[in-house]
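Step one of this worksheet: look at the structure below.
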Amino acid sequence: MRSIFSIDSALTPDTPRGAPIAVTGLTHRFGAATILDDINLNLAPGHVLALLGPSGCGKSTLLKLLAGLLEPTAGNISLGGQTVAAKGVFVPPERRGLGMVFQDYALWPHMSVGQNVAFPLAMRGVAASDRKRRVLRALDRVGLAAFADRSPGDLSGGQQQRVALARAIVAEPGILLFDEPMSNLDRELRETLCTEISELLRAMGSTAVYVTHDHEEALTIADTVAVMGQGRIRQHDEPDVLIADPRSVYVAEFLRLGALVPGHYADGVWSLPGGTQLLHPAPVASERAGTGRLFVPHNALRPVAPELAPLVGHVHAQRYQGGVYATTVRLGDGIEGFDLGWSADRRLPLGERVGLVPDWHRLRWLDASAVHA
Ligand SMILES: Nc1ncnc2c1ncn2[C@@H]1O[C@H](COP(=O)(O)OP(=O)(O)OP(=O)(O)O)[C@@H](O)[C@H]1O
């Protein structure tokens with residue numbers, strides 16, 4: 001599918017590369033409540049970071065601290081090598097060299113699309129002739145070159161968000177901040193815009209911090225994802241690492257990565273609910289004995305004849321999803337049982353007995369420390 005964004009025009013010799021971001025020991029309190037607790041980040045120029053987490057975990061507060069809309073209680077922020085927040089130092093938002101895109105577009109209704117996009121240039125004292133050229137280029141990058149004279153109110157939600165994006169990039173800032181930019185758009189538009197923003201960021205080379213509570217969006221757009229919970233970064237990794245190696249039950253559950261079966265581990269044997277015993281053919285020496293959860297990622301199971309299978313259960317439910325039948329297999333007896341998910345290529349009678357063998361190297365044992373992390 002051809003992107004609506006004009007990437008060629010973005011790749012000009014004068015396109016600045018992104019600026020680095022360094023955050024050390026950043027803490028923020030509202031009254032007695034600690035909202036952010038000892039946040040540390042180091043982003044190289046051009047890096048795209050997603051801040052992902054449930055409502056109230058502090059991701060917008062972190063973005064506001066980066067933007068200069070809030071002053072931290074403690075810690076340092078450096079943007080492009082310049083300290084912008086530290087004890088006794090506070091650089092206001094307009095002097096941080098940032099572009100920002102908000103959830104509600106924040107366009108001025110009394111100005112045309114072109115005037116909205118030109119605003120950051122006017123603030124920087126760019127001459128009118130130069131302004132016009134740069135506004136058209138920014139609008140061209142987001143596929144709205146023909147819309148400069150329109151009123152924002154006449155545009156669809158997706159188009160308004162593209163105007164907001166053009167306004168954020170028009171001054172070619174080294175850093176772009178996004179605060180849930182797509183949460184007001186419908187699903188289809190979100191998917192298209194998500195891919196396009198990702199392409200645009202790569203083409204411009206901007207460093208970006210992108211706040212979202214949608215894990216598909218985060219894993220699509222970002223080079224690395226920081227999963228947040230209760231004011232802390234619980235895991236910061238590349239998408240592939242997060243998916244294969246969640247370091248805590250919190251991260252695996254939040255990203256809905258697979259089944260987390262409670263059990264007990266000792267000497268290569270997992271004792272799972274309902275009397276199921278799973279013997280690992282090549283146990284990993286570093287895995288600690290004790291109680292914990294066995295993480296079984298989606299698609300880490302394949303069917304075999306029940307008499308040969310280490311895991312045997314019954315088909316409990318099936319739902320057609322993206323070309324396969326997402327199948328829930330119940331193992332163990334009665335209320336003591338547990339469920340595993342498996343992608344079947346055909347419809348199966350409910351209650352049918354199935355045998356499953358795991359992709360052993362993809363199973364992870366999350367011991368008691370990972371359960372409470
Ligand atoms: N000005 C404020 N005064 C007091 N508490 C605040 C203030 N702003 C935010 N909070 C609290 O700080 C916590 C984190 O808020 P924040 O907006 O950063 O979360 P979030 O992860 O971005 O959530 P959401 O996805 O809902 O926007 C919440 O408990 C919120 O109620």
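It should be emphasised that the depicted structure is a prediction, and the values quoted were computed from it without experimental measurement. Both counts, for ligands and for their atoms, begin at 1 and track the order of listing. Residue numbers count from 1 along this sequence.
Protein residues having at least one heavy atom under 4.0 Å from any atom of ligand 1 are F30, I35, P54, S55, G56, C57, G58, K59, S60, T61, E180, listed by chain and number.
Under the side chain to side chain contact (heavy atoms under 4.5 Å, CB included) test applied with V296, the options L260, L301, L356 reduce to a single match, L301. When the options L66, L63, L176 are evaluated for a side chain to side chain contact (heavy atoms under 4.5 Å, CB included) with M100, the one that passes is L63.
Using a 4.5 Å cut-off between side-chain heavy atoms of Ile, Leu, Val, Met, Phe, Trp and Tyr, with links allowed through other members, V48 and I175 fall into different hydrophobic clusters.
Taking the centre and axis of the six-membered ring of Y250, the NZ or CZ atom of R232 falls outside the cone set by 45° and 6.0 Å.
Sequence neighbours left out, the pairs with a member in residues 277-325 that pass ring pair (Phe, Tyr, Trp, His ring centres under 6.0 Å) are W270-H280, H280-W360, Y320-Y325.
The side-chain heavy atoms of V357 and P310, taken from C-beta on, include a pair separated by under 4.5 Å.
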